[in-house]
Amino acid sequence: MRFFLLMLTICFFFSCGKKETFKPRDFSKVEIEYLMEDSLLNVRALEIDGKDSFGFATSNGEIGGKDYDWSGGTIYRIDSIIRDVRESASLSFRLIHDSIVPNFRSLASTIKGGFVLSIESPSLLYKISKDSIKLVYKETHPKTFYDSMDFWNDEEGIAIGDPTDDCMSIIITRDGGETWTKLSCDELPKTKDGEAAFAASDTNIAIVGNHTWVATGGKASRILYSPDKSKTWEVFDTPIIQGKETTGMYSIDFYDELHGFAIGGDYTKPDENAANKIRTSDGGRTWELVAESQNPGYRSCVQYIPNSKGKELVAIGFKGIDYSNDSGYSWKHLSDEGFYTIRFLNDSIAYAAGKGRISKLTFRE
C-alpha cells in the first residue's frame, strides 16, 4: 500500500500519463455572409459586445448596429432616419452632428455607454447612453488627428492620436468617460521625426489587464508601453518597415502579457511583403520579423483568434483575408474579399467591416 501511494505521488509530481498538447486548427476557407452592403458605407470602427451583435461608426458621421448594447444594460438603437434612407429591421443609423461631418475611426463601449471619436480637427468624442448623445471631449489643434480608442475597464479608458507637439497625443478618462484629459508631453516618450499613427482599423492599442501597447507608424514605427494604465510609459524599437509617411505598424494585438503581433507595411504598395509582420514573446520589449518576404503584404488589421493559445491569427485588409496557425511564422490566403477591420465573436466566427460592407465571417477547416 505504501509503495502504491509512493508511485501515485511520483506520478502526480512528474506528470505520469499522457500529457495533453494543444493542436491548432488548420482553417482552409472562410464563409462570408453580407449583413449590410451600401456604396456609401465606410467603416473602420467596429465592436462586438460578446453576443451575436455588433456596433459600428462610419466615416460619414453615422453610428449604428445590429442589436448592439450601446447603453450598458439595455439594447439601444439609434433609429432616426436622416439624409439617405438606409435602414433594415436589424440595422439602424443616425447622424449625430449638425454642420460638421465627423469622420469616426474609433469606437468603444463599457457598461457606462458607447463612445465614438472622430479623427481630425475638430476631433469630437461622444458618449452615447440610452437617453442622450453627449460631447465629452473636443480638440481643435490644427494637427489634431486621433487614431484609436480602448478601455481598461468600465471607468478607465485611453485614446491615442498623432503628435500635436513632440509626443503622441494621449487622452485618458478615469470617470467612465464623462471627462477626458490630455497627457502632457512631460509624461510621455518623445516622438521621432515623422512618427505618428494610422487610423486604419481602430487597433493601434492593445490592452491585457493593466498593460497597454500603442503602435506608432510613419517615418518611425515603435511601441509605447505602459504597465500601469498610462501612469508611466516606456518606448521600444521595432524592425518593421519604416522611413516613409505611409510605412510602419497599422495594427497590433496581444494574446496575453507576453505574446503579441503587429502588422502593416505600406498601403500605397500593398503587395510588398518585406518587413511588415513582427511578433514578440517578451511583452513587446523585443520584436522579430516573421514570414519575411512572404505573403501577406500590407494589411490594416490583425487579431488573435480566441482560445488558440496564441497560435492562430487572422490578418485582414483591402487585399483580402489571411490566416496563420503557427504564431505568424507562415500564412495561408483564404479570400480576396477586402475589409478594413475585424473582431472575433468566438474561435470561429468574426465580424468584419470595410468599404461598402459589414459581414459575418465563419472560418472552417
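Using modelled atom types and a 3.5 Å distance limit, the side chains of D266 and T246 yield a donor-acceptor pair. At a cut-off of 3.5 Å, with distance as the only test, no side-chain donor of Y351 or E47 sits close to an acceptor on the other residue. Side-chain contact of T144 with S121: a donor-acceptor pair under 3.5 Å is absent, judged by distance alone.
For the salt bridge (Lys or Arg N to Asp or Glu O under 4.0 Å) condition, the pairs that include at least one residue of residues 208-222, sequence neighbours left out, are E195-R222.
K277 places no side-chain N or O within 3.5 Å of a backbone atom of Y298 that could act as its donor or acceptor partner. For S221 (side chain) and Q242 (main-chain N/O), no donor-acceptor pair under 3.5 Å exists by modelled atom type. Q303 places no side-chain N or O within 3.5 Å of a backbone atom of R343 that could act as its donor or acceptor partner. In this structure, N60 contributes its side chain and L40 its backbone to a donor-acceptor pair below 3.5 Å. Checked by atom type and distance alone, the side chain of S106 pairs as donor or acceptor with a backbone atom of S148 at under 3.5 Å. With hydrogens and angles disregarded, a donor-acceptor distance shorter than 3.5 Å links the side chain of D202 to the backbone of M149. With hydrogens and angles disregarded, no donor-acceptor distance shorter than 3.5 Å links the side chain of Y250 to the backbone of R299. In this structure, N42 contributes its side chain and S59 its backbone to no donor-acceptor pair below 3.5 Å. Checking side-chain atoms of E272 against main-chain N and O of K269 turns up no donor-acceptor pair under 3.5 Å. Although no hydrogens or angles enter the test, the distance criterion places a donor-acceptor pair under 3.5 Å between the side chain of T58 and the main chain of E62.
Through direct or indirect side-chain contacts shorter than 4.5 Å among Ile, Leu, Val, Met, Phe, Trp and Tyr, L289 is connected to V208, W213, I223, Y225, F236, I240, I241, M249, I252, F254, I278, W287. I119 belongs to a hydrophobic cluster whose other members, connected by ILVMFWY side-chain contacts under 4.5 Å either directly or through intermediates, are F145.
No side-chain heavy atom of Y146 sits less than 4.5 Å from a side-chain heavy atom of I160. For the pair E312/Y255, no side-chain contact is recorded, criterion being any heavy-atom separation below 4.5 Å from C-beta on. Residues K360 and E31 are not in side-chain contact: their nearest non-hydrogen atoms beyond the backbone lie 4.5 Å or more apart. Within the 4.5 Å cutoff, side-chain heavy atoms of T212 are placed close to those of W152. Taking the side chain as every heavy atom from C-beta outward, I170 and L188 approach each other to under 4.5 Å. Between I158 and I207, the closest side-chain pair of non-hydrogen atoms falls below 4.5 Å. In this structure the side chain of V314 never reaches within 4.5 angstrom of the side chain of F27, judged on heavy atoms. Counting heavy atoms from C-beta outward, P227 and T232 have side chains that approach closer than 4.5 Å.
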Is there a side-chain contact (heavy atoms from CB on, under 4.5 Å) between T181 and I172 once you walk through the steps? CA-CA 5 Å; T181 302; I172 301 293; 5.5 Å; no
Apply side-chain contact (heavy atoms from CB on, under 4.5 Å) to T238 and T280, showing your working. CA-CA 10 Å; T238 77; T280 181; over 6 Å; no
Checking I305 against R25 for the side-chain contact (heavy atoms from CB on, under 4.5 Å) test, could you report, in this order, the C-alpha distance in whole Å, the side-chain angles of both residues, the deciding distance, and whether it holds? CA-CA 11 Å; I305 297 179; R25 297 160 299 174; 3.5 Å; yes
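The 12-atom threshold is exceeded at NZ of K182, counting heavy atoms of other residues, nucleotides or ligands nearer than 6.0 Å. Around atom NZ of K23, no more than 12 heavy atoms belonging to other residues, nucleotides or ligands sit under 6.0 Å away. Other residues, nucleotides and ligands place no more than 12 heavy atoms under 6.0 Å from the NZ atom of K309. More than 12 heavy atoms of other shown residues, nucleotides or ligands fall within 6.0 angstrom of atom CD in E234. Counting non-hydrogen atoms of other residues, nucleotides and ligands closer than 6.0 Å to CG of D26 gives a total above 12.
Note that the OG atom of S169 and the NE2 atom of H141 stand 8.0 Å from one another [nearest 0.5 Å]. The OG1 atom of T164 sits 8.0 Å away from atom NZ of K143, with the distance rounded to the nearest 0.5 Å. Atom CD1 of I321 and atom CD1 of I342 lie 6.5 Å apart (nearest 0.5 Å). Going from atom CG of L124 over to atom CG of L117 covers 8.5 Å, rounded to the nearest 0.5 Å. Rounding to the nearest 0.5 Å gives a distance of 11.5 Å between CG of D322 and OG of S330. Note that OG of S293 and CG of N273 are 5.5 Å apart. Values are rounded to the nearest 0.5 Å.
The existence of a salt bridge linking E155 and R174 is excluded, since no basic side-chain nitrogen approaches an acidic carboxylate oxygen closer than 4.0 Å. With respect to the salt-bridge test (charged N to carboxylate O, under 4.0 angstrom), the residues E156 and K229 qualify. By the 4.0 Å N-to-carboxylate-O rule, K112 lies too far from E178 to be salt-bridged with it. Checked for salt-bridge contact, D147 and R105 miss the test: no charged N lies under 4.0 Å from a carboxylate O.
Annotation: cation-pi pair R44/Y340 present, NZ/CZ under 6.0 Å from the ring centroid and within 45° of its normal. Remark: R357 is positioned above the aromatic ring of F339, its terminal NZ or CZ atom under 6.0 angstrom from the ring centre and at most 45 degrees off the axis.
Scanning for side chain to side chain donor-acceptor pair (under 3.5 Å) contacts around S324 gives D326, with sequence neighbours left out. Here T173 pairs with F151, D175, W180 under the side-chain contact (heavy atoms from CB on, under 4.5 Å) rule; sequence neighbours left out. Residues satisfying the side chain to side chain donor-acceptor pair (under 3.5 Å) criterion with K319, sequence neighbours excluded, are D271.
One hydrophobic cluster holds both F344 and Y323 under the rule that ILVMFWY side chains link at heavy-atom gaps under 4.5 Å.
Checking each of L345, I316, L334, I349 against L361 for a side-chain contact (heavy atoms from CB on, under 4.5 Å) leaves exactly one that passes, namely I316.
Of all heavy-atom pairs between T268 and P270, the closest is C-CD, 3.5 Å.
In summary, the aromatic rings of F115 and F104 are positioned with their centroids too far apart to meet the 6.0 Å limit.
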